[in-house]
Each structure stands twice: as structure tokens, then as C-alpha cells.
Amino acid sequence: MAGMAHTDGTITISVNGEHKRVTAGITIADLAQSLGLVPEKVAVERNLEVVPRSTLAQVVVEDGDELEIVHFVGGGDHDDTWTVAGRTFRSRLIVGTGKYKDFEQNAAAVAASGAEIVTVAVRRVNVSDPNAPMLTDYIDPKKVTYLPNTAGCFTADDAIRTLRLAREAGGWDLVKLEVLGEARTLYPNMRETLTATEVLVREGFKPMVYCVDDPIAAKQLEEAGAVAIMPLGAPIGSGLGIQNQVTIRLIVEGATVPVLVDAGVGQASDAAVAMELGCDGVLMNTAIAEAKDPVLMAAAMKAAVEGGRMSYRAGRMGKRRYADPSSPLSGLI
């Protein structure tokens with residue numbers, strides 16, 4: 001459909017439903033390149049007729065043309081990934097591997113959650129029964145990333161020793177560091193945590209660090225080399241949900257590394273809240289493992305994390321002190 005160029009030498013076209021002004025005489029191939037696309041990797045429909053790919057460099061776009069440009073992608077939104085220590089993941093849900101009734105249930109919950117990372121505790125081998133089943137028999141570390149953690153460590157030395165053994169056992173350098181202060185609250189001891197972080201970074205580890213929900217402490221850990229900051233939402237295993245959304249948001253705003261809420265999630269809405277605050281992900285164990293139906297809860301958590309992330313990306317409406325009608329008042333009968 002030939003048309004007239006504007007006085008500035010441009011024409012108006014529609015590309016995937018969006019109106020654009022482009023230089024008159026531009027070919028479809030040049031247009032694709034101007035949009036950051038590779039002409040050889042897309043298919044183009046012009047005014048409801050498919051344009052052969054071999055002719056994209058010859059076909060000139062006319063004023064008023066309607067173009068549909070498509071390419072092949074996998075199912076789902078694979079562009080919304082996150083990266084930690086140079087490794088990219090699609091799932092923003094990390095799950096633990098403790099408290100399940102057996103390894104079969106644990107594996108089923110991991111599958112339902114869609115998690116690509118699971119935390120694993122480092123414990124002594126059962127020398128009295130070396131043939132006892134092991135987690136690796138049910139959750140393949142070649143398919144799911146194992147994140148060794150230092151659960152149960154109360155000093156920097158114990159945490160460092162544990163992770164050195166973990167690296168020797170499986171070659172892992174991406175690890176989760178937690179150094180607890182005392183057994184009742186399982187709150188992190190930040191002095192010991194910071195010390196351990198500094199030592200581990202010097203030794204080539206890439207620690208994702210459990211910490212208090214304190215923006216200053218989070219920044220200190222990042223400066224020490226932590227590859228991810230993991231503030232607690234509430235005490236470990238409490239299921240209380242995020243108790244201080246303000247500090248979590250401040251940590252997110254101030255961090256240049258991923259921030260994941262670690263501990264305190266009890267139900268799916270808690271996970272959604274964490275994601276709506278802008279967190280890169282959520283780590284949980286007890287909320288799934290102690291649910292009446294762990295596998296169903298794992299699926300719920302997957303949906304909540306995905307929904308919360310979409311909500312954050314969409315951008316919530318502004319809050320108002322008073323009502324604002326959603327239906328127009330003009331023409332009211």
C-alpha cells in the first residue's frame with residue numbers, strides 16, 4: 001500500500017501493533033536491524049502476507065504498512081532470568097532439603113517447585129551403614145544446582161571448615177553461608193558472618209550470605225565479596241512472614257548483587273510479598289516440608305514467586321488516601 005512520506009522524510013508504519021515513524025525507503029531487513037533483530041532469524045508478515053525471508057533486503061516498507069515480526073522462543077518468559085556469580089537461572093525459588101519425611105517426598109517437592117537450586121547441609125557419612133540412601137540418589141546434582149550451606153554453625157571457623165569440606169566433596173564454590181548467634185532465635189551472628197565471608201572470598205568461594213534485615217550490614221557483606229545478600233524475613237522456621245518490609249526494600253534498593261529473602265516464609269502470600277518488594281528470589285524449607293501436603297505447597301510457592309515477580313515488573317498503582325471511582329461518572333443516569 002504505497003503512501004506519501006512526511007515532510008521530514010519519514011513514513012508511519014505499524015510493527016507488532018505499535019506505530020513507528022521510520023525513514024522512507026527503508027527495507028524490511030534494515031528495519032529489523034534497526035530494531036536490534038537479525039533478519040535471518042525472524043519471519044515477517046506484511047499486510048497479512050508473509051514476506052519470503054530471501055527478499056527482506058529488497059522489499060521496501062511503505063507508509064501505512066502493518067508488519068508482524070515473529071521468531072521462535074521456548075515456552076514461558078525466559079527473558080526474566082537472574083544471575084548470581086556468573087550463573088543464570090530461570091526459577092527464583094530456592095528450596096531446602098531438610099525436614100521431609102523421606103527423600104522421595106523431598107524430590108517430588110523439588111520437582112513441583114521448579115527450583116533449579118537446592119540447599120544441602122554438610123554432614124558426616126553414616127559409616128555404620130555406608131549403603132544407606134543418599135540425597136544424590138534422588139536429586140541429581142547434574143540437573144539441580146546444589147548449594148552447600150553451613151546450617152548449624154555458630155562460629156566462623158566451623159562454617160569455613162564445613163565449606164572447605166563441601167568443596168572437596170563436590171567441587172562447589174557457590175555456597176550459602178550462615179553463622180548463627182544462638183539456638184533459640186537462630187539469628188545470624190554478624191561479626192562472625194562477616195569474618196567468615198572475608199576468609200571464604202579470599203579462598204575463592206562465592207558465598208551467598210544469610211544476614212539480619214539491616215541495610216548497613218548488607219552493604220558491608222557486599223563490600224566483603226558476598227555474591228548475594230539473603231536477609232531473614234523472620235526467624236528460621238517460624239513461618240511468620242516478612243516482618244519488616246521497609247528494611248528489605250532498603251536492602252534491595254542499595255544492593256548491586258542479588259537479594260533473596262531467606263527464612264520466615266510460611267505461606268504462598270509471603271513469597272509473593274518478597275517478590276513484590278523487588279527481591280531477586282526467595283529461599284525456603286520449612287514452609288514446604290512441614291505443610292500438610294508438601295508437594296502441593298511447593299507448587300503453590302512456585303506460582304506465588306512467579307506471580308509476585310510479575311506484579312513487581314508490572315508496577316503497582318499508587319496508593320491514595322481516598323477512593324477513586326473505576327467507572328467514569330460522566331453520563332451517569
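The structure presented is a predicted model; accordingly, all values stated were derived computationally and were not measured. Every heavy atom of this structure was used, including side-chain atoms; hydrogens, water molecules and symmetry mates were not.
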Side chain to side chain contact (heavy atoms under 4.5 Å, CB included) assessment of Leu232 paired with Tyr187: CA-CA 8 Å; Leu232 55 80; Tyr187 257 59; 3.9 Å; yes

Arg87 atom CZ, neighbour heavy-atom count above 12 within 6.0 Å: yes

CZ/Phe89: more than 12 non-hydrogen atoms of other groups inside 6.0 Å: yes

Heavy-atom check, side chain of Asp80 versus side chain of Arg313, under 4.5 Å: yes

pair Val22-Ser34: side-chain heavy atoms closer than 4.5 Å: no

Heavy-atom neighbours of Arg184 CZ exceed 12 at 6.0 Å: no

Any donor-acceptor N/O pair, Gln245 side chain to Ile242 backbone, under 3.5 Å: no

Side chain to side chain contact (heavy atoms under 4.5 Å, CB included) between Arg21 and Thr12, worked out: CA-CA 4 Å; Arg21 295 184 72 166; Thr12 300; 3.8 Å; yes

Full working for side chain to side chain contact (heavy atoms under 4.5 Å, CB included) between Glu116 and Val144: CA-CA 5 Å; Glu116 297 172 291; Val144 179; 5.8 Å; no

Those residues that, when tested against Arg202, pass salt bridge (Lys or Arg N to Asp or Glu O under 4.0 Å) (two or more places apart): none

Side chain proximity check, Ile94 to Thr119, heavy atoms < 4.5 angstrom: yes

Trace of the side chain to side chain contact (heavy atoms under 4.5 Å, CB included) decision for Arg46 with Glu49: CA-CA 5 Å; Arg46 179 191 185 203; Glu49 293 186 5; 5.8 Å; no

Glu306 and Arg309 ion-paired at < 4.0 Å: no

Spatial distance of atom CG (Leu260) from atom CZ (Arg92) [nearest 0.5 Å]: 9.0 Å

